[in-house]
Each structure stands twice: as C-alpha cells, then as structure tokens.
Number of protein chains: 2
Amino acid sequence: MTTRPLDTFDKSIIRALQRDASLSQRDLAEKVGLSQNACWRRLTRLREEGVIMGQTIRVNMQALGQGLTVYAMVRTRHHSLAWLEKFRKSVLAIENVVDFYRIAGDYDYMIKIVARDMNDFDRVYQKLIGDNELETVTSYIAMEAIANGRDIPA
Amino acid sequence: MTTRPLDTFDKSIIRALQRDASLSQRDLAEKVGLSQNACWRRLTRLREEGVIMGQTIRVNMQALGQGLTVYAMVRTRHHSLAWLEKFRKSVLAIENVVDFYRIAGDYDYMIKIVARDMNDFDRVYQKLIGDNELETVTSYIAMEAIANGRDIPA
DNA sequence: AGTGAAACCGCACTTTG
DNA sequence: CAAAGTGCGGTTTCACT
C-alpha cells in the first residue's frame with residue numbers, strides 16, 4: 001500500500017466530497033480554493049492512487065425497510081487457517097452483513113448486521129450459528145442510531 | 001416518517017447507485033430497464049422523499065492516515081434526560097466518532113471510533129471518560145477490517 | 001477558453017390498473 | 001380516470017482538453 005502524504009488541498013478535497021460527492025468540479029474547485037484545472041488533476045490522481053475508492057449514496061434504512069441494526073460479537077472455537085477462511089466466506093456471503101472486523105479482546109469478531117426486523121435478523125443469526133461452529137455469539141440490538149457513517153477525519 | 005413502499009424499479013435504482021453513484025443517467029436507466037426520463041423522475045422523487053439522503057465517496061482510511069478502528073462499549077452511570085443529552089452532545093463533538101448507537105444488553109452505548117494510531121485513540125478515549133461520568137468503557141481494537149460499509153440490502 | 005456530452009425538463013403521446 | 005411509461009427535443013451545465 002503506497003502512502004503518499006496528502007497535503008492540505010488533497011485533504012480539503014476529500015473533506016468536501018465526503019460531505020457531498022455530488023459537487024460539480026466548479027463548486028469543488030471554488031470550495032477548496034484551486035483553479036478548476038488544478039482541482040480536477042488532483043481529483044483524478046486521488047482516484048488513481050486509490051485514496052478515493054468510489055462513490056455511493058447514503059440511504060434511509062427505515063425507508064428501505066431495513067430498520068434493525070444488530071452488532072454480533074463472536075468468539076470462535078476453531079483457529080485453523082482453513083476453518084477461519086471458511087468462516088469468513090460464510091459471513092461475507094450474507095448480504096445483511098455490513099461490517100465485519102477481526103478484533104482484539106474477549107471476542108474474536110465483530111459483525112454489524114442490518115435486517116428488516118427481528119424475524120429477519122433471527123434468520124441471519126440462525127444461518128450464522130448453523131453454518132459455523134462458534135463458541136459464543138453475543139448480540140447487541142441497536143435501539144437508536146444517534147450517528148451512523150459519519151465522515152472520516154481528513 | 002412516511003414510508004411509501006418502494007417497487008422493484010426503485011430498489012433496483014438504489015442497488016445500482018449504492019454500488020456506484022457515479023453512474024450517468026443513461027447508464028443507470030439502461031441498467032434498471034427504464035427510459036432515461038422515467039428513471040430521472042424516480043431518482044428525483046427518491047431524493048425528495050429522503051430515501052436517498054446524499055452522496056459520498058468511499059475513502060481509503062489507511063491512505064488518509066486513519067488506520068485504527070476501535071469499538072467502545074459504554075455503560076453509563078446517570079440516566080437523567082439532561083445528563084444523557086449532554087453525553088450525546090459530548091460524543092458527537094468528537095470528529096473521530098463514526099457510529100454512535102444506543103443499544104440493548106449489558107451496555108448502553110456503542111461507539112465506533114477511527115483514529116490515526118493508539119496515541120490518537122487514547123486522546124479520544126481520555127476525552128470521552130474525562131468529559132462524562134461513565135460506569136464502564138470496554139474497547140475492542142480492530143485488528144483487521146474484513147468488510148466495511150457494505151451496501152444496505154435493497 | 002472551447003467543445004462535445006450529459007443533465008435537465010417540458011411535451012405529446014401510450015400503457016396499465 | 002389516474003398514475004406511470006416512452007420518445008423527442010431544446011436549453012443549460014458540466015467534464016475534460
């Protein structure tokens with residue numbers, strides 16, 4: 001992973017686009033204080049370098065009918081490479097899995113799941129524990145999303 | 001929150017744009033199987049209704065120098081409305097906080113934090129426990145991001 | 001600063017429930 | 001009848017040279 005240090009302009013571009021990626025080149029250039037041309041060249045470069053990896057929309061999960069968020073903390077029973085590989089594949093195959101981290105601490109993995117409702121979550125949960133021999137799964141049901149997917153500091 | 005049921009076309013539009021929001025109207029329309037005009041009208045409507053809430057870029061956190069992710073599980077000591085309100089404000093004021101959920105279970109809140117490194121995280125941690133009287137904070141350090149911010153099922 | 005392309009949006013139908 | 005689709009075309013705005 002190449003890691004060219006980003007200067008103030010680059011960071012400023014990234015901050016502006018995280019907030020609103022629909023900005024036109026003209027508005028972006030103005031906002032960061034560069035000429036359109038210079039700004040465009042930097043943007044192109046940031047994309048090429050993989051600093052900017054793509055563009056998505058922010059969606060209203062309630063409106064999409066995916067109003068339930070659950071964090072599942074998992075302790076595994078097996079630790080062979082083959083088993084772990086199979087476990088990962090199995091988890092990633094579930095489209096309800098939004099985040100998936102290997103962590104340090106009392107648990108081995110942290111899985112963020114979105115679902116339509118409790119029934120739907122239970123389906124995911126059963127699949128999770130049915131397909132993999134796990135030591136423990138502790139689920140934390142989200143009661144309220146106070147903040148979700150805020151911008152990465154830049 | 002009004003929740004008009006979304007039909008197959010709406011969902012298809014949302015799926016396509018979550019994957020790549022830089023799609024042109026022509027390509028989007030073609031992908032979902034609508035005329036450009038109809039597709040544009042639906043898109044405008046989805047935005048107006050707040051189903052699509054905006055547009056962001058996906059960034060490479062390593063390249064941005066924010067390579068550390070930590071989940072902090074918090075149990076609070078106070079439960080008065082005023083205290084909770086102050087607590088929320090205090091947490092949201094920290095730009096390193098990416099997600100912030102009120103949860104059910106052994107803990108009250110789940111805070112996802114990104115930081116440059118352990119030193120930087122410790123700064124955030126000290127601020128968190130310094131500004132608020134908390135019962136417990138348990139931190140899970142992410143060792144590896146296997147998946148991060150995958151698309152919401154639609 | 002120029003150019004080709006894309007977004008935007010009204011209009012006149014047609015289609016479907 | 002109402003709601004949503006299609007295709008056309010002109011103006012404005014944008015990306016990129």
Side-chain angles (χ1 to χ4, degrees), chain A residues 2-67 116 149 151-154, chain B residues 1-61 63-64 149 151-154:
Chain A
T2 331
T3 308
R4 167 177 75 93
L6 307 176
D7 70 11
T8 328
F9 285 124
D10 291 321
K11 289 183 180 173
S12 180
I13 288 172
I14 287 165
R15 253 183 279 116
L17 290 181
Q18 278 197 96
R19 203 166 321 152
D20 179 10
S22 74
L23 245 49
S24 73
Q25 303 271 6
R26 178 163 36 73
D27 293 351
L28 178 63
E30 192 189 346
K31 189 158 288 195
V32 304
L34 281 173
S35 77
Q36 244 181 86
N37 204 326
C39 189
W40 175 80
R41 260 184 280 119
R42 278 175 186 266
L43 188 50
T44 306
R45 187 171 174 201
L46 287 167
R47 277 200 272 250
E48 280 169 2
E49 290 171 334
V51 178
I52 293 175
M53 300 188 308
Q55 219 164 308
T56 11
I57 49 171
R58 294 192 204 267
V59 297
N60 180 333
M61 307 208 309
Q62 308 294 332
L64 264 181
Q66 304 281 350
R116 312 200 133 268
D151 296 347
I152 307 298
Chain B
M1 179 109 319
T2 328
T3 307
R4 168 177 76 93
L6 308 176
D7 69 10
T8 329
F9 285 126
D10 291 320
K11 289 184 179 171
S12 179
I13 289 172
I14 286 165
R15 252 183 281 116
L17 289 181
Q18 278 198 97
R19 204 166 320 150
D20 179 10
S22 74
L23 244 48
S24 74
Q25 303 267 7
R26 179 164 32 75
D27 293 351
L28 179 63
E30 192 188 346
K31 189 159 288 197
V32 305
L34 281 174
S35 75
Q36 264 186 64
N37 199 334
C39 190
W40 174 81
R41 269 194 317 250
R42 292 183 98 108
L43 190 50
T44 307
R45 188 171 172 199
L46 286 168
R47 277 199 272 250
E48 279 169 2
E49 291 171 333
V51 178
I52 293 175
M53 300 188 308
Q55 214 163 313
T56 12
I57 49 171
R58 294 191 203 268
V59 298
N60 181 334
M61 307 208 309
L64 264 181
D151 296 347
I152 307 299

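We name chains A, B, ... by the order of the sequence lines, and we start the count at 1 in each one. Everything numeric in this text was worked out from a predicted model, so none of it was measured.
For the OP1/OP2 pair of dC16(D) and a distance below 4.0 Å, the side-chain nitrogens and oxygens of W40(A) include at least one atom meeting the criterion.
Bounding nucleotides for the chain B contact on DNA chain C, 5' to 3', at a heavy-atom distance below 4.0 Å, are dA6(C) to dC11(C).
Residues meeting the side-chain hydrogen bond (donor to acceptor under 3.5 Å, both in side chains) test with T44(B), sequence neighbours left out: none. Legend: residues meeting salt bridge (charged side-chain N to carboxylate O under 4.0 Å, His left out) with R47(B), ordered by chain and number and at least two apart, are absent. Residues that satisfy the salt bridge (charged side-chain N to carboxylate O under 4.0 Å, His left out) test with R58(B), not counting sequence neighbours, are D151(B). For Q36(B), the side-chain contact (heavy atoms from CB on, under 4.5 Å) partners at least two apart in sequence or on another chain are R26(B), A29(B). T8(A) is linked by a side-chain contact (heavy atoms from CB on, under 4.5 Å) to nothing, counting only residues two or more places apart in sequence or in another chain. The salt bridge (charged side-chain N to carboxylate O under 4.0 Å, His left out) test applied to R45(B) returns E49(B), not counting sequence neighbours.
With rounding to the nearest 0.5 angstrom, the OG1 atom of T56(B) is 11.5 Å from the CD1 atom of I52(A).
The list of salt bridge (Lys or Arg N to Asp or Glu O under 4.0 Å) pairs with a residue in residues 9-18 of chain B, not counting sequence neighbours, reads R4(B)-D10(B), D10(B)-R42(B).
A rotation axis mapping the C1' atoms of four pairs onto the next four is fitted at both ends of the helix from dA1(C)-dT17(D) to dG17(C)-dC1(D) over five pairs, and the angle between these axes is 30° to 10 degrees.
Looking at residues 41-48 of chain B, you'll see R41(B), R42(B), R45(B) sit with a heavy atom under 4.0 Å from some atom of DNA chain D. Within residues 28-39 of chain A, the residues approaching DNA chain D are Q36(A), N37(A), by heavy-atom distance under 4.0 Å. Scanning residues 7-17 of chain B for heavy-atom distances under 4.0 Å to DNA chain D yields an empty list.
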One pair to check against side-chain contact (heavy atoms from CB on, under 4.5 Å): V59(A) and Q66(A). What are the steps and the verdict? CA-CA 10 Å; V59(A) 297; Q66(A) 304 281 350; over 6 Å; no
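Counting all heavy atoms, side chain and backbone alike, I57(B) lies closest to I14(A) at CD1-O, 3.9 Å. The two residues I13(A) and C39(A) make their nearest non-hydrogen contact at CD1-SG, 4.1 Å. Taking both residues in full, the closest heavy atoms of L23(A) and A16(A) are given as CD2-CB, 4.3 Å, listed atom of the first, atom of the second, then distance. In terms of heavy atoms, G50(A) sits closest to N60(B) at O-CB, 3.3 Å. In this structure, S22(B) and D20(B) approach most closely via the heavy-atom pair OG-OD1, 2.7 Å. Of all heavy-atom pairs spanning F9(A) and V32(A), the tightest one is CE2-O, 3.5 Å.
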